[in-house]
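Right, one structure below, let's go through it.
For ligands, and for the atoms within them, numbers begin at 1 and follow the listed sequence. Quick note: numbers below take in every heavy atom, side chains included, and nothing from hydrogens, waters or symmetry partners.
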Amino acid sequence: MIGKDLNKAAEMLRTGNLVAIPTETVYGLAANALDPFAVSQIFAAKQRPEFNPLILHLAATDNPENYAETMTDSAIKLTKEFWPGPLSILLNKKKVVPDLVTGGLDSVVLRKPSHPLTQSLLEKLDFPLAAPSANKFQGISPTLPQHVQDSLGSKVSYILDGGASTIGLESTIVDCRTEPSTLLRYGGISLEEIEACVGEVQVQIKENSNPLAPGQMDKHYATSKPLFLVEDLEQAMLLYPKSSMSAISWNQKVDADFYYTLSSKQDLIEAAANLYGCMHDADSDASDLILVQKVPNKGLGLAINDRLKRASS
Ligand code: TXA
Ligand code: MG
């Protein structure tokens, strides 16, 4: 059921149920992070392997040191600048965080989301929320309540409707235990913004499917149709003369059966916000395959191309 009832969402969470929550990045599938039984239902609903650890979402007034050992200098600087917002930090965990949440690792990833509805919800609760993106394992992340309904509708007790996610890309993950810090996932805060705050960082994006290495599976964010990431839409279309095609464009006008633009004014922030919506739409239109034009590799473009590469066949 989709609705805006905060008290109902809070009550469901207090009694160990799953609630989909709006965040500025993507919708999350949330449970009481301190209750292993509630958390285990997240993995079951997503059909997600239990070794893939979850992010803890905190109320703005909560103290990260309730869940993690000492905040390092970079953690202090980054959270001062970017919380609440699309930044997640990795630190050594405290015992209170169940092993199921961290996949048995001795670290934990924390974030304070900025979406006002989810912040009000977190303030009503006396526990943080564990929440992966609210899609089936390896599927496209949801940026609208309806996306959650379509993929996990039967598995969640309630979908809290906070409208469209404004950032549209998952949070940037930074390991704040290392010196310099290590960027583990490109996301809603660009590498340039992170470095302006803490100086140069190491970038260690996992391309492989080793689930114990922080980060990400190789195949991820996938449409059910074949998706190809290309430099030039026009040339790529020539390769599939007999197929019905969806084209998702950055700056090329092409005559495809279905045509979507990430941003009509070629703005990477707008493109990020539209990315998953375009992928959902192209996946459910009548085409046989999806072509997506690469975006420039700077700012949020790094995160957009990273997601598209993982989504591509
Ligand atoms: O924007 C976001 O971060 C969204 C919204 C819902 O907040 N959440 C999200 O969660 O993207 P999820 O589960 O789809 O991605 C979390 C990523 C995974 O790649 C996971 O491996 C990594 O964070 N992660 C979480 N805890 C970790 C840990 N202790 N060590 C290494 N990686 C960790
Ligand atoms: Mg995800």
Within-cut-off N or O pair, [X] and ligand 1, under 3.5 Å:
X      : value
Arg111 : yes
Asn52  : yes
Thr25  : yes

Side-chain donor or acceptor of [X] paired with backbone N/O of [Y] under 3.5 Å:
X      : Y      : result
Ser263 : Ala271 : no
Lys294 : Glu231 : no
Lys225 : Asp285 : yes
Asp106 : Lys93  : no
His115 : Gly85  : no
Gln47  : Lys136 : no
Gln293 : Leu233 : no
Glu81  : Cys197 : no

Out of curiosity, is [X] lining ligand 1, as in a heavy atom under 4.0 Å away?
X      : answer
Pro86  : no
Thr102 : no
His57  : yes

Arg14 bridged to Glu11 by N-O distance under 4.0 Å: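 The answer is yes: the pair qualifies as a salt bridge.
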What part of [X] sits under 4.0 Å from ligand 1 if we count only heavy atoms: the side chain, the backbone, both or neither?
X      : answer
Ala131 : backbone
Ile21  : neither
Leu184 : neither

Tally of protein N, O or S atoms, where distance to the Mg ion (ligand 2) is under 2.8 Å: 1
Close-contact set for ligand 1 against [X] heavy atoms, below 4.0 Å:
X      : result
Leu105 : 28 (C), 29 (N), 30 (N)
Leu90  : 28 (C), 30 (N), 31 (C)
Ile173 : 17 (C), 23 (O)

Nearest-option assignment for atom 12 (P) of ligand 1, heavy atoms, candidates Ser88, Pro132, Ala134: Pro132
The one among Ala130, Ala20, Ser133 that brings a heavy atom closest to atom 14 (O) of ligand 1: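 The option holding the nearest heavy atom is Ser133.
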Partner of Leu184 by side-chain contact (heavy atoms from CB on, under 4.5 Å), out of Val203, Ile205, Asp175: Asp175
Test item: side-chain donor near acceptor, Ser151 and Asn135, under 3.5 Å: no
Arg307 vs Glu170, salt bridge (charged side-chain N to carboxylate O under 4.0 Å, His left out): CA-CA, chis, key distance, verdict: CA-CA 10 Å; Arg307 300 303 190 272; Glu170 289 81 355; 3.1 Å; yes
Phe228-Tyr240 aromatic ring centre distance below 6.0 Å: yes
